[in-house]
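Encoded as structure tokens, the structure appears first; notes follow it.
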Amino acid sequence: MRRQLRRLGLGHDARRSVSTTDENFYRWTQWIFLKVFNSWYDEEQKRARPIDELEQGYANGSIATPDGRPWNELNKTDRRSAIDARRLAYLSEAPVNWCPGLGTILANEEVTADGRSDIGNYPVFKKSMRQWTMRITTYADRLLDDLERLDWPEPIKLMQRNWIGRSEGARVHFATPAGDLTVFTTRPDTLFGATFMVISPEHPLVDALTTDENRQAIQDYRVAAAAKNQFDRTDDTKEKTGVFTGTYATNPVNGAPVPVWVADYVLMGYGTGAIMAVPCGDQRDFDFARRFNLPIPAIQQPPVEWFTSRELEVQHGSRVDTSTWPEAFVGDGVYINSSNDDLQLDGLTSVAEGKSAMNAWLEAHGRGNTNINFKLRDWLFSRQRYWGEPFPIVYDEDDQPVSLPDSMLPVLLPELEDFKPQALDPNDDVTDPIPPLARSTEWREVVLDLGDGPKKYRREINVMPQWAGSCWYELRYLDPTNTDHFVDPAVEKYWMGPADGGDGTTGHTGGVDLYVGGVEHAVLHLLYARFWHKILFDLGHVSSSEPFYRLFNQGYVQAFAFRDPRGQPVPASDVEERDGSYWYEGEKVSREYGKMGKSLKNIVTPDEMYDEYGADTFRLYEMSSGPLEASRPWNTRDVIGMQRFLQRVWRNLVDEDSGRSLVIDAPASEELRKLMHRMIDGIRADMDALRFNTAIAKLIQLNNALTQESAAVGGSPREVVVPMIQMLSPLCPHIAEELWQRLGHANTVTFVPFPVADQSLLVEETIEYPVQINGKVRTRLTVPNEADQATIQALALADEKVIAALDGEVPKKIIVIPGRMVNLVV
RNA sequence: GCCCCGGUAGCCCAACGGCAGAGGCAGCGGUCUCAAACUCCGUACGGUGUGGGUUCAAAUCCCACCCGGGGCACCA
């Protein structure tokens with residue numbers, strides 16, 4: 001890889017090369033983890049603060065303890081859990097994809113549609129396990145809001161917004177025999193239509209809400225739901241399933257009993273894991289109600305068109321009959337059946353008014369409050385693998401996590417003979433995973449002095465996920481060999497500090513000036529890295545509040561691929577085209593199109609291109625074929641065009657036979673000089689905007705003009721050649737440098753400033769105006785640059801072609817756009 | 001199902017609401033040559049996915065639809 005980067009002349013700085021698996025790197029990953037672990041999020045100040053300040057706040061009473069008791073009344077264990085409950089890295093029980101047959105937890109992407117492992121086809125179970133988790137949800141608002149301040153492609157921002165998934169609504173409390181059951185809803189105004197409730201099979205109140213006669217059915221349903229994977233559970237093409245708990249809750253607005261059901265279409269991970277079902281206004285609830293014969297009262301009057309477009313008789317007031325409806329009514333309509341003694345929604349037409357009236361009522365009666373909910377979940381941060389950063393955490397005699405001091409970093413991985421995960425009986429969903437690090441007892445069991453004398457501890461045997469190192473590596477590039485800091489603060493400020501110096505005048509976030517990467521990182525790496533960076537910013541370790549100020553997503557290189565009649569890909573390089581068909585070893589093959597890669601056998605390696613055409617041609621071809629952000633096809637036979645271009649450049653400067661210079665000191669023609677300045681002006685703008693394709697087109701245009709003039713006057717004017725080579729240098733550095741030396745320069749072209757256009761030469765003395773009649777071009781006028789509108793108009797009307805075309809008619813309207821064109825409307 | 005991006009010449013792609021063409025590939029004609037390749041010069045081809053709308057003027061703005069690519073997906 002390094003060899004390939006180097007031979008293509010890519011500006012890769014080996015002195016700033018880092019490896020996230022190097023202990024000198026991951027020592028700082030562990031250090032940052034400790035900063036996260038030893039901090040908490042202050043909701044009032046909206047920032048992370050050191051954990052000591054939480055303890056001080058508890059102690060002096062400025063921060064309420066979780067159960068409200070004074071700090072000095074809490075014992076050691078209570079104090080500890082009061083603090084641990086607020087840490088930004090914390091241990092939690094979370095359901096994961098557990099595959100005993102492989103001995104590891106799998107990502108959702110590694111589980112097949114029928115709930116088995118992608119590799120080995122072993123059963124996968126949903127299992128709740130104690131896992132390290134990062135409290136990224138506390139940053140949801142800031143991660144969302146600060147997107148506005150970043151120079152990122154809008155689609156990527158949108159993907160992050162959708163992923164964070166902010167929605168405004170309300171929490172509503174329904175009384176049940178087992179205590180309040182709280183739901184999250186975005187439509188509190190529809191509460192009068194709530195006729196049943198659905199809770200997730202994992203909801204903590206399931207047992208308490210289940211009556212004895214329904215216990216077996218509920219239990220069976222929960223087991224079945226647990227065996228399903230996420231794919232099955234969220235497959236909305238399947239018919240809804242569910243079981244009644246036997247218990248009724250009370251609708252707070254009208255006192256109606258509402259049955260509580262358990263169904264797996266409600267997810268524990270979103271909202272409160274419980275919903276109020278309003279079947280008349282929500283298609284899922286409507287389907288569920290129809291399936292289980294639950295009532296569907298109407299609470300909004302659908303408009304006339306809603307009925308007519310469904311070929312129903314229009315229903316009004318008491319005649320509204322949902323039993324005739326083919327589907328739920330989702331939209332704005334006048335509220336009906338939505339009033340109680342002190343809340344009247346009936347007659348309102350605005351959902352916004354309905355919501356605010358309902359929210360006020362709920363607050364006043366203590367049955368709910370407005371609430372903002374996010375789709376974003378806290379980040380599961382442990383993995384049961386060998387390769388990964390060990391946590392700088394040990395467990396004490398109470399099995400509680402204790403952070404190691406900086407002086408004990410790095411915590412190195414132990415040497416193991418076998419570092420594969422421990423496989424178990426494929427159907428053993430009871431035994432916990434045994435991470436590879438558990439195998440080294442001497443590594444795992446340690447005696448340490450953490451300030452209160454030598455004691456026995458047990459190391460954390462999970463490791464961090466692969467994202468950990470990439471959450472901050474961009475900072476290490478700034479200062480890769482620093483042994484005292486992960487990055488020197490002054491160095492960070494120099495490279496990544498906000499443009500306004502941090503005084504907030506421009507709102508600039510600071511961060512990497514330009515980050516080029518694929519769109520596949522839109523929500524994982526780019527969200528995790530922003531999260532860590534913001535913690536480091538809050539704690540004062542960096543001056544930038546975002547890691548990547550400007551982001552650019554380059555497109556993929558795609559290529560044709562070919563399959564034989566059996567559907568197997570065949571090597572694209574050996575396919576021949578004959579008579580419009582494609583042939584491989586005498587067999588006709590079919591052509592398709594996809595991302596260049598091994599599986600489609602359509603790879604063209606940089607080395608092949610380097611050997612055949614050279615690095616500069618290869619670079620130009622890649623950049624010229626289309627916009628950087630666009631995925632586009634690779635077509636080897638098009639590469640020749642860029643090679644010819646470079647050969648033409650060469651021949652304009654060097655005589656091929658004798659090798660002598662063809663550059664002359666005589667001035668260029670006025671025309672060529674003007675063209676050159678126009679090209680300089682355009683190329684500068686193109687380069688700034690990363691439009692390399694149009695920059696290259698302009699360079700070709702300039703060189704083509706130079707070719708003509710060179711042939712005419714017997715040499716290439718130096719005043720054109722020099723800027724042209726300067727502009728070629730960033731695109732094709734090797735040939736540019738060679739020609740630069742041949743022009744007699746002792747220095748390197750790389751450090752010569754980019755040419756600047758002479759603005760006075762960008763203005764033409766005469767302008768050619770197209771003259772349109774009713775939008776169609778009929779003739780062209782050449783008009784002096786300084787001609788005013790009236791002059792141009794007079795010239796246009798006096799033109800003989802115009803007179804002929806008008807044929808005596810008088811134009812109704814004459815539009816003259818100075819510098820552009822003339823349009824006559826008749 | 002919802003959302004995003006794109007659709008211009010045989011192909012890859014340009015075009016501040018203002019003459020559809022910057023550039024490259026392929027093609028054709030010429031130039032060179034004994035011939036060819038290379039070179040150089042010249043050149044045809046489309047009216048911008050479809051249908052409406054706004055405008056003096058639409059590839060460009062708006063609406064609907066079609067096709068291709070991508071994201072999210074029972075999110076309450």
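The figures that follow rest on heavy atoms only: side chains count, while hydrogens, waters and symmetry mates do not. Remember, predicted model here, so these are calculated numbers, not experimental data. In the text below, chain A, chain B and the rest are named by the order of the sequence lines, each starting its count at 1.
In this structure, A/Y270 and A/F184 have perpendicular ring planes: the angle between them is above 60°, well past the 30° mark.
Position along RNA chain B of the nearest nucleotide to A/R651 versus A/R632 favours A/R632 as the more 5'-ward residue. Nucleotides of RNA chain B nearest to A/N823 and A/A274 differ in position, and the one nearer the 5' end is that of A/N823.
Salt bridge status for A/D799 with A/K801: absent, with no side-chain N to carboxylate O gap under 4.0 Å. The existence of a salt bridge linking A/D180 and A/R367 is confirmed by a sub-4.0 Å separation between a basic side-chain nitrogen and an acidic carboxylate oxygen. Between A/E671 and A/R673 there is no salt bridge, since no side-chain nitrogen of the basic residue lies less than 4.0 Å from a carboxylate oxygen of the acidic one.
For the side chain to side chain contact (heavy atoms under 4.5 Å, CB included) test with A/S624, the passing option among A/I696, A/D638, A/L731 is A/I696; the others fail.
B/A15 sits 15 Å from B/A59 when the P atoms are compared, rounded to a whole Å. Separating the P atom of B/G1 from that of B/A57 is a span of 38 Å, rounded to the nearest Å. B/U39 sits 32 Å from B/G47 when the P atoms are compared, rounded to a whole Å. Across the C1' atoms, B/U54 and B/C62 are found 7 Å apart, a figure rounded to whole Å. Annotation: B/C75 and B/A58 have their P atoms spaced 43 Å apart (nearest Å). Separating the C1' atom of B/A44 from that of B/C63 is a span of 38 Å, rounded to the nearest Å. Nucleotides B/U8 and B/G29 are separated by 27 Å at their C1' atoms, to the nearest Å. Between B/C13 and B/G49, the distance separating the two P atoms is 14 Å to the nearest Å.
Residue A/Q283 is classed as having no contact, given no heavy-atom separation below 4.0 Å to the nucleic acid. If you check every strand for non-hydrogen atoms under 4.0 Å, A/M821 touches a base. Among the heavy atoms of the strands, none lies under 4.0 Å from A/D285. A/I700 comes within 4.0 angstrom of the backbone, heavy atoms only, and of no base. Within 4.0 Å (heavy atoms only), A/R284 reaches at least one base atom of the nucleic acid. Nucleic acid contact for A/S624: none, since no nucleic acid atom lies under 4.0 Å from a heavy atom of the residue. A/D287 comes within 4.0 angstrom of no nucleic acid atom, judged by non-hydrogen atoms across all strands. Counting non-hydrogen atoms under 4.0 angstrom, A/S167 reaches the backbone sugars and phosphates but no base. A/K698 comes within 4.0 angstrom of no nucleic acid atom, judged by non-hydrogen atoms across all strands. Residue A/I817 is in base contact, counting any heavy-atom pair closer than 4.0 Å across all strands shown.
In this structure, B/G47 is classed as syn because its glycosidic torsion stays within 90° of zero.
Listed pair A/N693 / B/A14 meets the phosphate criterion, a side-chain N or O lying under 4.0 Å from OP1 or OP2. The side chain of A/R637 contributes no N or O atom lying less than 4.0 Å from OP1 or OP2 of B/G27. Side-chain N/O atoms of A/Q708 include one lying less than 4.0 angstrom from OP1 or OP2 on B/C41. The phosphate of B/G24 (OP1 or OP2) has a side-chain N or O of A/N704 nearer than 4.0 angstrom. For the pair A/R648 and B/G24, the criterion of a side-chain N or O lying under 4.0 Å from OP1 or OP2 is met. Regarding contacts with the backbone of B/C25, a side-chain N or O of A/R644 is found under 4.0 angstrom from either OP1 or OP2.
Across all non-hydrogen atoms, the minimal contact from A/P295 to A/P279 is O-CG, 3.6 Å.
Considering CE of A/M679 and CG of A/N703, their distance stands at 12.5 Å, rounded to 0.5 Å.
Going from atom CD1 of A/I640 over to atom P of B/C12 covers 20 Å, rounded to whole Å. At whole-Å resolution of the value, CZ in A/F645 and C1' in B/G23 are 10 Å apart.
In the set B/A76, B/A22, B/G24, the nucleotide with an atom closest to the side chain of A/I275 is B/A76.
Residue A/K240 places a side-chain atom within donor-acceptor reach of the base of B/C74, judged by atom type and a 3.5 Å distance cut-off alone.
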